[in-house]
2 protein chains.
Amino acid sequence: MCCDLEHSETVEDYLKAIYHLDCRGEPTTTSEIARALDVSAPSVSTMMSRLADAGLAERSDDRQVRLTGHGMRHAREVVRRHRLVETFLAEVGVPWDEVHAEAEVLEHALSANLTDRIDDWLGRPERDPHGDPIPPRDGDYAEEWPAPLRAAPRGARFVVDRVSDRDSAALRYLGEMGIRPGTPLVVEDWDPFGGPLWVTVGGERVALGEQLTHLVRGVVAERNPRTGDHGEVST
Amino acid sequence: MCCDLEHSETVEDYLKAIYHLDCRGEPTTTSEIARALDVSAPSVSTMMSRLADAGLAERSDDRQVRLTGHGMRHAREVVRRHRLVETFLAEVGVPWDEVHAEAEVLEHALSANLTDRIDDWLGRPERDPHGDPIPPRDGDYAEEWPAPLRAAPRGARFVVDRVSDRDSAALRYLGEMGIRPGTPLVVEDWDPFGGPLWVTVGGERVALGEQLTHLVRGVVAERNPRTGDHGEVST
DNA sequence: CACGCCAGTTAGACGACTCTAATATAACCG
DNA sequence: CGGTTATATTAGAGTCGTCTAACTGGCGTG
């Protein structure tokens, strides 16, 4: 009896985890998935055979897990719901550092119908509040992952594109400093020995702890020292 | 390990079912609960002992189940979430005949924090789109169940108070005729042998099938034939 | 080559929730 | 009083998802 596997919350969480690991080029191994979902390796092992039986994923020869077309479609649908909910909640006044946690639960509770309604209500947004792209209803889609701020050279102009939604406290902190998708920064200086990265944001010089420089991603546009011009700006 | 019983979706569904049966004076027996939740009687039996162990419900001597103070508080919280979600969805444009089904799932996915935010965003509404009262954050509360339309005498003025959210199609039908909480009707005539109830709504004379007269509840205010005045009108 | 480490799987168990089938209790009626 | 009927519970099983403990298999290094 029972349960469609397909639509179980647990399965959706696994699909999403595999999708996310895959997206940023991290290995989609048993242990990585286990770490991502905070479950034991055997649990993952068991679930992987079930996903394989259901035609949602298959294991490739290099010990990695790969989503099938079907699994990929489903994973993308979950991500779509997640990011639409985040955008929606932000729109009605929930602070951007709180929307992720709520969406983590709500993503499993939205019907396809309601998801589309929310999408329409929002005017078919392309990005969630953290700058993450919202997969379209259907059609092609691939995520780009711009470089983290820590990779930006001194003196660079840097336009924030995405901010990791993982750490709520960091998000709130960044928000207070006015750092969000679209914000232009100038990378001033790296203090040595794990010291802060100094950047200028909105005319103010602020110090960013090392951890934050991993969470903020964006596009570097080298400043042209002659004209002060800068290259293309994303979005 | 695991599972808090308290916060399981299944438990919340049981608590809500008991609450609803209790509210409208229906017997809260094993078989009624089973019917309400569409599960077998043994499943209910098992769950009732678990609820009793958890201090959420107890069985009284007359074969009825009674929620404890704790269980009642929890049930009311679930109902509050449900009705706030309904109100919220209606507010952002989801048709009133669809909100119930969505809320049935979403009610389990809202954090206390988000629930309160939605409540504030809506301006602390007292009724959901079907006219059902929204339990307050805390404090006293009891549901009134006004009489169904079928009990209204011919010639009566009748103000719709609540419309059952159970039957989506009926709800859509009633909506199309302009019948919703607050709508004043005049009861014209009952055709015999299960024939329709004729009412005037917004100046138009419409026929309501027998089933609909159970779903619409409200307050009868006898028309005073001399003045055309009518009695108090609820909200 | 052998040893040990690390990743992954299998084995066995448990809890939550459900079911069907069988049993017990109570209530009603000839 | 005895029998039927309705209602509730117990018994036994199955699924989903998790765990720990034990086993397997590859790979690097002494």
Which of these passes ring pair (Phe, Tyr, Trp, His ring centres under 6.0 Å) with A:His82: A:His100, A:His108, A:His20?
-> A:His100
B:Glu107: salt bridge (Lys or Arg N to Asp or Glu O under 4.0 Å) partners, not counting sequence neighbours | B:Lys16
Apply side-chain contact (heavy atoms from CB on, under 4.5 Å) to A:Asp38 and list each qualifying residue two or more places apart in sequence or on a separate chain.
-> none
CZ of B:Arg35 versus C1' of D:dA8: gap in Å, rounded?
-> 14 Å
For B:Met47 and C:dA16, give me the distance from atom CE to atom P, rounded to whole Å.
-> 10 Å
What nucleic acid atoms does A:Val44 come within less than 4.0 Å of, heavy atoms only: base, sugar-phosphate, or nothing?
-> nothing
Expected rows: protein N/O vs nucleotides 21-24 of chain C N/O, under 3.5 Å:
none

Nucleic acid contacts of residues 26-34 of chain B, taken as heavy-atom distances under 4.0 Å to DNA chain D | B:Thr29, B:Thr30, B:Ser31
In terms of side-chain heavy atoms of A:Ser43, which of C:dG8, D:dC19, C:dT18 is nearest?
-> D:dC19
Any residue meeting side chain to side chain donor-acceptor pair (under 3.5 Å) with B:Ser111, in chain and number order, not counting sequence neighbours | A:Glu102
Criterion salt bridge (charged side-chain N to carboxylate O under 4.0 Å, His left out) against B:Glu143, the qualifying member of B:Arg127, B:Arg83, B:Arg217 = B:Arg83
Salt bridge (charged side-chain N to carboxylate O under 4.0 Å, His left out) partners of residues 65-79 of chain B, not counting sequence neighbours, each pair once = B:Glu77-B:Arg80
